[in-house]
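All ligand and atom numbering here is 1-based and tracks the order in the structure.
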Amino acid sequence: MCGIVGYIGKRKAVPILIEGLNRLEYRGYDSAGLSVINKGKIKSFKSVGRVSELEKKIKDNLLGQIGIAHTRWATHGKPSQKNCHPHYSCEKDIHIVHNGIIENYDELKKQLIKKGHQFKSDTDSEVIAHLIEEFIKKATLKTAVVKAVKMLQGTYGVAVISKKEPHKIIVARNGSPLVIGVGKEEFIIASDVSAIVRYTDEVIYLNDGEIAEISEDNLEITNLKREIVNNPIKKLDWTIEKSQKGGFDHFMLKEIFEQPESIRNALRGRTEKFISEDFLPTLGGLESVTKKLRKIKKIIIISCGTSYYAGLIGEYMFEEYAGIPTEVEYASEFRYRKSVLDETTAVIAISQSGETADTLAAVREAKNKGALTLGIINVVGSTIARQTEAGTYTLSGPEIGVASTKAFTSQLSTLILWTLVLGRQRNMSFAMSKKIAQELNKIPTKVEKILKKSREIKKIVKKYITVKDFLYLGRKYNFPIALEGALKIKEISYIHAEGYPTGEMKHGPIALIDKDFPALFIVPQDSIYEKNLSGMQEIKARGGKIIALATEGDKKIINLADDVIYIPKTLEMLTPLISVIPLQLLAYYFGVMKGLDVDKPRNLAKSVTVE
Ligand code: M6R
């Protein structure tokens, strides 16, 4: 996904811009570029591929203390030098970088061409530079940018520099995140705080419809009506170390191994009340909506990808323990569907990034229809977090690997806490909430135990390394884990995998089974254990190989499975928190053994901020 960095201050801009782009690499991109102003002249460099390629092109002595830079993830026009940002006006005196999608770019482009503008790229973004060029003839840079963005339909996070006013950067936002890092006599602009943390821990978030005029020693934010807005400076608690690999080969492995800690963080200070308070305990972020929560009759969970699978587990929990009818919808479907909801419906958005375009649009749709909107979000201060009425931060820290791992287990931990809140408001006994919360506190230690099996898991991967397809099967709470396990192996190792509920296998997918098409069964000793065993028999009878995830001490399984990974026993509703761990490790080792870039799988972006 595209990334923006900008710098204005007393230091040389290039090293800061390059460092920022490197920090944004995790978002996924296909080309990179930057422009710097020095002594009234603008120089620009672009490169297809990695930021390191761009760096090689830039001369060591490139001076200039103002600049903008960009990593591009192609939407309009293929990855190429000409489509790479920054884009320029005809006179090359206005340079812009843009995140988002301009929906009316075609129409604007035609109008601008009629006026004599010449376009160099296939992108939607380039229209912004030409629009500003049109307006700047009779206006200041800021006024020209305001007039230009008012013409745009769609989403933008945009940063602009110009020869006409060489001591300024103008940034504007609508639907694509922009953050301004406030340093000492310098400002660092970025689409995401990862590019800022190294320089300052003080940031200002720009809201939709706001525009900032930034010079070395001044920052002024207004809305598009030019009224001054005073956005507060927020303190970041993400340090640079937190964004590094911490001794692991990949971010993904580091993040898998961080899960005992990240789950503890998600639970810290939150489980105690369910163990000790007999009277309707709640969570800090939900206090303001306690009364509304008591009245809700239906829940709709909206999310995408891994966050969607967390939602599916939430559905099982909310219905079983809180008795609230729950549906889970892909946000991309919800936003265009006529869902029936009103003020007795709670719509819960689950998102690691808090910036996923489909989930954000779905939240807005739910709000318009009068539903109570809630968020389970990781990134503090992100757009979805700010647009929902109440919610809980999952506190898993920055997740850099494109594949979601620790964010998922923190989402699950939070959903369990919400089940306790909603359950206690209804029919759940204090004894039950206490039992669940006490067992929940033991989960991090159980995860540590599984992580010690990584060598054993690596051996299994070696054995199956030539496999081209996998069927992942599970039931009830572990059906969504089968889906998540299959997604993980697909995105990280490019092995085709399908997740199914075990009981559904005989209705079609079993036709695929032969000796080269193995099945992975999640089969803990829970309420549907025996049913899962029958599914395993059916695969075995057809010569299919089986890897089983089973409860420690289960001897029966040895006769049915070719390979077994044991996981510790826990309550049925909590098993997903531990059964997902071996599946993350399997996907990781498959990817590594196949020599793939596990942190940045092809075609994927960490934060999907376009539709
Ligand atoms: O940031 P979000 O949780 O809203 O992202 C949703 C999906 O794009 C995300 O979970 C994606 O499926 C993961 N990269 C999968 O590992």
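Less than 6.0 angstrom separates the ring centroid of Tyr588 from the ring centroid of His250. Note: Phe257 and Phe248 meet the aromatic proximity criterion, with ring centroids under 6.0 Å apart.
Distances below 4.0 Å separate heavy atoms of Lys488 from the following atoms of ligand 1: 15 (C), 16 (O). Numbered from 1 in the order shown, with element, the atoms of ligand 1 that lie under 4.0 Å from a heavy atom of Glu491 read 14 (N), 15 (C), 16 (O). Atoms of ligand 1 lying under 4.0 Å from at least one heavy atom of Gln352, given by number and element, are 1 (O), 2 (P), 3 (O), 4 (O).
Among the atoms of Val402, some N or O lies under 3.5 angstrom from an N or O of ligand 1.
For Tyr199, the ring pair (Phe, Tyr, Trp, His ring centres under 6.0 Å) criterion is met by no residue, not counting sequence neighbours. The ring pair (Phe, Tyr, Trp, His ring centres under 6.0 Å) test applied to Phe318 returns no partner, not counting sequence neighbours.
Residue-level proximity to ligand 1 for Glu355 is absent, since no heavy atom of it falls below 4.0 angstrom. Contacts between Thr306 and ligand 1 below 4.0 angstrom, taking non-hydrogen atoms only, involve backbone and side chain alike.
From the protein, the heavy atom lying nearest to atom 8 (O) of ligand 1 is Val608 CG2, 4.1 Å. When only non-hydrogen protein atoms are considered, atom 5 (O) of ligand 1 lies nearest to Thr356 OG1, 3.5 Å.
If you check each of Ser353, Ala403, Gly401, Pro601 against atom 1 (O) of ligand 1, the one with the closest non-hydrogen atom is Ser353. Looking at Ser303, Cys304, Ser307 and measuring to atom 7 (C) of ligand 1, the nearest heavy atom belongs to Cys304.
Between Lys292 and Glu343 there is no salt bridge, since no side-chain N of the basic residue sits under 4.0 Å from a carboxylate O of the acidic one. A salt bridge links Lys406 with Glu258: the closest approach of a Lys/Arg side-chain nitrogen to an acidic carboxylate oxygen falls below 4.0 angstrom.
Using a 3.5 Å distance cut-off with no hydrogens or angles, the side chains of Gln259 and Gln584 do pair a donor with an acceptor.
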